[in-house]
Structure formats: structure tokens, C-alpha cells
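Written below as C-alpha cells is the structure these notes are about.
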Protein chains: 2
Amino acid sequence: MARKIGSHSEITGPRVRQAALTLFARHGYAAVSMRQIAAEVGVQAGALYNYTADKQALLFDLMQTHMKDLLVALDACSDTGNALRRLETFSRFHIRYHLDRPDLVFIAYMELRNLSDENFAAVEALRGRYEARLRDILTQGIDERAFSVPDVKVASMAIIAMLTGITTWYREEGRLSRAEVEEIYWQMVRKAVSA
Amino acid sequence: MARKIGSHSEITGPRVRQAALTLFARHGYAAVSMRQIAAEVGVQAGALYNYTADKQALLFDLMQTHMKDLLVALDACSDTGNALRRLETFSRFHIRYHLDRPDLVFIAYMELRNLSDENFAAVEALRGRYEARLRDILTQGIDERAFSVPDVKVASMAIIAMLTGITTWYREEGRLSRAEVEEIYWQMVRKAVSA
DNA sequence: GATTGAAATGAACAGACGTTCAGATACTTT
DNA sequence: AAAGTATCTGAACGTCTGTTCATTTCAATC
């Protein structure tokens with residue numbers, strides 16, 4: 001046997017990335033073998049190398065794409081009002097976007113140390129650009145005398161850590177709806193930086 | 001060659017755990033081999049099995065001990081004043097304890113999925129007891145009309161995520177001292193739950 | 001100084017790892 | 001219908017994995 005019936009790269013390619021995403025998120029990059037990924041897709045391990053240079057590239061592709069998409073989505077919904085309004089938009093966007101992609105968030109968070117040096121630098125740069133968006137908002141809020149934060153850098157890290165942490169406990173079938181969680185967290189963020 | 005000069009279990013034992021701790025934190029449990037740990041200690045891989053049943057037990061021992069120590073240390077410094085005072089004590093304790101043990105915190109956070117089912121349950125139970133301490137404080141604060149939090153469970157998760165996140169960016173040689181970081185974060189926590 | 005027990009070696013085990021590649025098969029184009 | 005190309009198999013590669021164990025060495029006890 002060789003080529004399978006109905007096999008196409010535009011079908012198998014995404015399925016490889018999806019399988020890698022799911023498995024990496026569940027067991028961790030180092031704990032997942034290429035043979036496991038292949039089994040999930042329904043091919044032999046060798047076939048994966050039609051879609052990725054190697055295992056490392058598979059991880060990097062997932063993380064880089066995620067960070068780029070995150071930035072594009074953020075910029076697409078950012079508004080230009082006052083700082084409080086912008087912070088609310090940012091907070092709600094962050095929660096929604098991350099709750100929609102728990103596996104990608106988990107990987108982007110946990111697998112940084114499994115990236116090669118140059119791949120790490122690339123992802124870290126994208127992460128830095130995202131954090132800079134929040135720092136801009138906080139700086140504006142200080143100028144407007146609307147916020148009281150002793151250190152913009154620290155506050156931005158604190159807010160992002162708090163919001164991203166939702167993905168570690170939120171369950172779709174849980175006690176609270178997304179809208180409720182979003183509201184609770186936004187109120188905490190708002191008060192945390194309030195003057 | 002066999003037994004080495006000056007070898008003692010009371011020396012090698014802790015060194016095995018220390019090496020495992022450092023390597024697990026840096027590369028992840030799955031990415032570290034028993035031979036790497038042994039090399040760090042300066043013995044052959046087989047010698048590790050005088051100190052641990054297997055690799056899994058090494059991870060579980062680190063995590064369980066960490067969580068138990070955390071609970072003991074928390075209870076040792078907890079006070080019985082009003083909720084605001086108790087929350088401040090908790091927040092400052094959490095920051096200090098975690099900044100002192102970045103590797104343990106990292107592992108307790110990241111390697112949960114590499115625990116066997118029963119080991120996971122044991123660690124998760126200890127984690128739950130720690131979170132319960134914070135929930136108690138928040139509940140008291142609501143009773144005292146000192147706090148305004150719409151959901152105690154969610155607020156406790158948000159606070160812990162925010163505080164624990166410090167370990168992901170704090171550097172000893174960085175711009176801010178521990179005391180400064182502690183103060184900034186405590187003010188954010190205080191405001192976030194304020195009435 | 002002989003005996004004993006703890007502590008470590010070093011080789012071995014069977015299996016899994018990432019990756020490569022010649023060859024087989026299915027689809028597309030001519 | 002034939003030729004060509006994209007896709008996948010299946011086997012192989014060298015290396016590494018966690019773990020076991022007979023053997024050896026060191027340190028303490030008698």
C-alpha cells in the first residue's frame with residue numbers, strides 16, 4: 001500500500017497541525033512522538049515529513065501562527081477612545097480570544113522552553129508586541145489621570161497573567177457562562193488599575 | 001569501579017532531588033532523561049534507583065513535598081485579624097515564598113499533566129487546600145463589607161494566577177527589588193477586591 | 001584485620017525515538 | 001490510454017529511553 005484514496009495535501013496538512021496541537025496541549029511537546037501524531041491523522045510517521053521539516057518546525061509553526069493571529073485580531077478590534085474604554089476592549093478581547101483557543105494558549109505558554117533559540121526569539125518578539133499594546137493603554141490611562149499604576153510594565157504582566165489564567169480552570173459546562181466570567185474579570189482589572 | 005569515595009545516601013539523595021528539580025524546571029519532565037540527572041549528580045543512571053522507585057516518583061516527590069511545605073509555611077504565618085489584613089499577609093507570603101523557589105513553582109505549575117492519575121489527584125487536593133485558604137479570606141471580607149467580589153472562587157483563581165505570574169518575569173538582577181514588586185502587586189490585589 | 005552492609009558501577013534489556021528513502025499507489029494532465 | 005506527479009507506505013538507520021542486576025568497592029563494626 002502507498003498513497004491512500006482521497007488523500008490531498010490541503011486536507012492532510014491541516015489535520016497534521018490539528019493533531020499536533022491537540023496532542024502537544026494534552027501531553028506536552030516532548031512527551032508526544034511523531035508516530036502518535038501520525039496515528040491520530042491516520043498515516044504513517046514518514047508521511048508527516050511532507051508537511052513539516054521536522055518536529056521542532058511543527059511546534060514553531062503552531063506558536064508563531066497563533067501569536068501573529070492574536071496580534072491581527074487585537075488590532076482589528078482595538079478602538080481609539082479613552083484609556084478606560086480601551087482597557088475594557090482589550091480585557092474582553094483577551095478573555096474571549098483565549099477561551100476560544102485553549103489548546104493554542106496552553107502551548108504558547110508551556111512550550112516556550114522547547115523552542116530552539118532562534119524560534120524562541122521570534123515568538124518572544126511577537127509576545128512582546130502584544131504586551132506593548134497593553135502598556136500603551138496603561139500609559140494613556142496614567143496621562144488621563146484615570147489609572148493609578150506605580151509601574152506600567154509590572155501592571156501589564158499582572159493583568160495578562162490574571163486574564164490568561166482563566167484558561168486553566170474555565171470549563172464550558174461549568175457553573176459560569178463566558179459572559180459572566182468576562183464581566184467578573186473586567187471588573188477586577190478595572191478596579192486594580194483605578195486611580 | 002563501584003562505590004565512590006565519600007559517597008553517602010544522605011548526601012546523594014538530596015543531590016538527586018536537586019538535580020531533578022533543576023533539570024525538570026529547565027527542560028521539562030518528559031525531556032529530561034535519568035542519565036542526564038545522573039550525570040548532573042555525578043553517578044551512573046542505575047545509582048538513582050537507590051533513591052527513587054522510578055522517574056515518576058521523583059517528580060511526584062518534588063511536587064507533593066512542595067505543596068505540603070507551602071501549606072505548612074502559610075499556616076505558620078497566617079494571622080487572625082480582619083480580612084484586609086489577612087489578605088495582605090497572604091499576598092505578601094505568596095509572593096515571597098514563590099520568588100524564593102522559582103523552580104519548584106514552575107514544576108508544580110507545568111508538570112501536572114505528567115503525573116499519573118493518582119499522583120495528580122494527591123497534588124490537586126493539596127492545591128485545593130491552599131486555594132481554600134484564600135477563599136476563606138475573601139468570604140470573610142465580604143461578610144465584613146470590606147470586599148466586593150461577585151464570585152469568591154473566580155476571584156481567588158484570579159489573584160493566585162496574578163501573583164504566581166511574577167515568577168515568569170522576575171529577575172533577581174532586574175530593575176525592581178522584591179520589596180517593590182511585593183508592594184505593587186499587593187496594591188493591585190487590594191484594589192481589585194475593594195468594595 | 002576480618003566481616004558485613006550500603007552504595008555505586010557498567011553492562012544489558014527490549015522497546016521507542018526522529019528521520020530518511022526507495023518503492024508503491026492514486027490522482028491529474030496530456 | 002499513457003505519462004507524470006503528488007502522496008503515502010514500510011522498512012531501515014543509529015541513537016536514546018527507563019529500568020534491572022550481578023558485581024565491585026568503600027566505610028563502618030566487631
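In the text below, chain A, chain B and the rest are named by the order of the sequence lines, each starting its count at 1. Being a predicted model, the structure only gives us computed values, none of them experimental.
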Whole angstrom is fine here: how far is it from [atom1] in [X] over to [atom2] in [N]?
X	N	atom1	atom2	result
Asn114(B)	dG18(D)	CG	P	12 Å
Leu58(B)	dG18(D)	CG	P	11 Å
Leu48(B)	dA7(C)	CG	P	14 Å
Arg15(A)	dC8(D)	CZ	C1'	14 Å
Tyr29(A)	dC17(C)	OH	P	13 Å
Ile11(B)	dA7(C)	CD1	P	11 Å
Gln44(A)	dA24(C)	CD	C1'	14 Å

Could you check Met34(A) against Arg35(B) and say which one's nearest nucleotide on DNA chain C is further toward the 5' end? Arg35(B)
Return the nearest nucleotide to the side chain of Tyr49(B); candidates are dT19(D), dT20(C), dT9(D).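 Output: dT19(D).
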Asn50(B) has a side chain; which of dG18(C), dC8(D), dA7(C) sits nearest to it? dA7(C)
Touch class at under 4.0 angstrom, heavy-atom based, for Val32(A) against every strand present: sugar-phosphate
Shared ILVMFWY cluster between Val193(A) and Trp169(B), side chains joined below 4.5 angstrom? yes
Ile95(B) with Phe93(B), same ILVMFWY side-chain cluster at under 4.5 Å: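 Yes; tracing contacts between hydrophobic side chains, which count when under 4.5 Å, links both residues.
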Output yes when at least one side-chain N/O atom of [X] is less than 4.0 Å from OP1 or OP2 of [N], else no.
X	N	value
Thr12(A)	dC8(D)	yes
Ser33(A)	dC17(C)	yes
Lys4(A)	dC8(D)	no
Tyr51(A)	dC8(D)	yes

With Glu88(A), which of Arg92(A), Arg86(A), Arg85(A) fulfils side chain to side chain donor-acceptor pair (under 3.5 Å)?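 Filter result, single survivor: Arg92(A).
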Can you find a side-chain donor-acceptor pair between Asn119(B) and Ser116(B) that sits under 3.5 Å? yes
Given the rule in the ring-ring contact (aromatic ring centres under 6.0 Å, His included) test, do Tyr130(B) and His94(B) qualify, once you have shown the distances and angles that lead to the verdict? CA-CA 10 Å; Tyr130(B) 186 73; His94(B) 187 96; 5.6 Å; yes
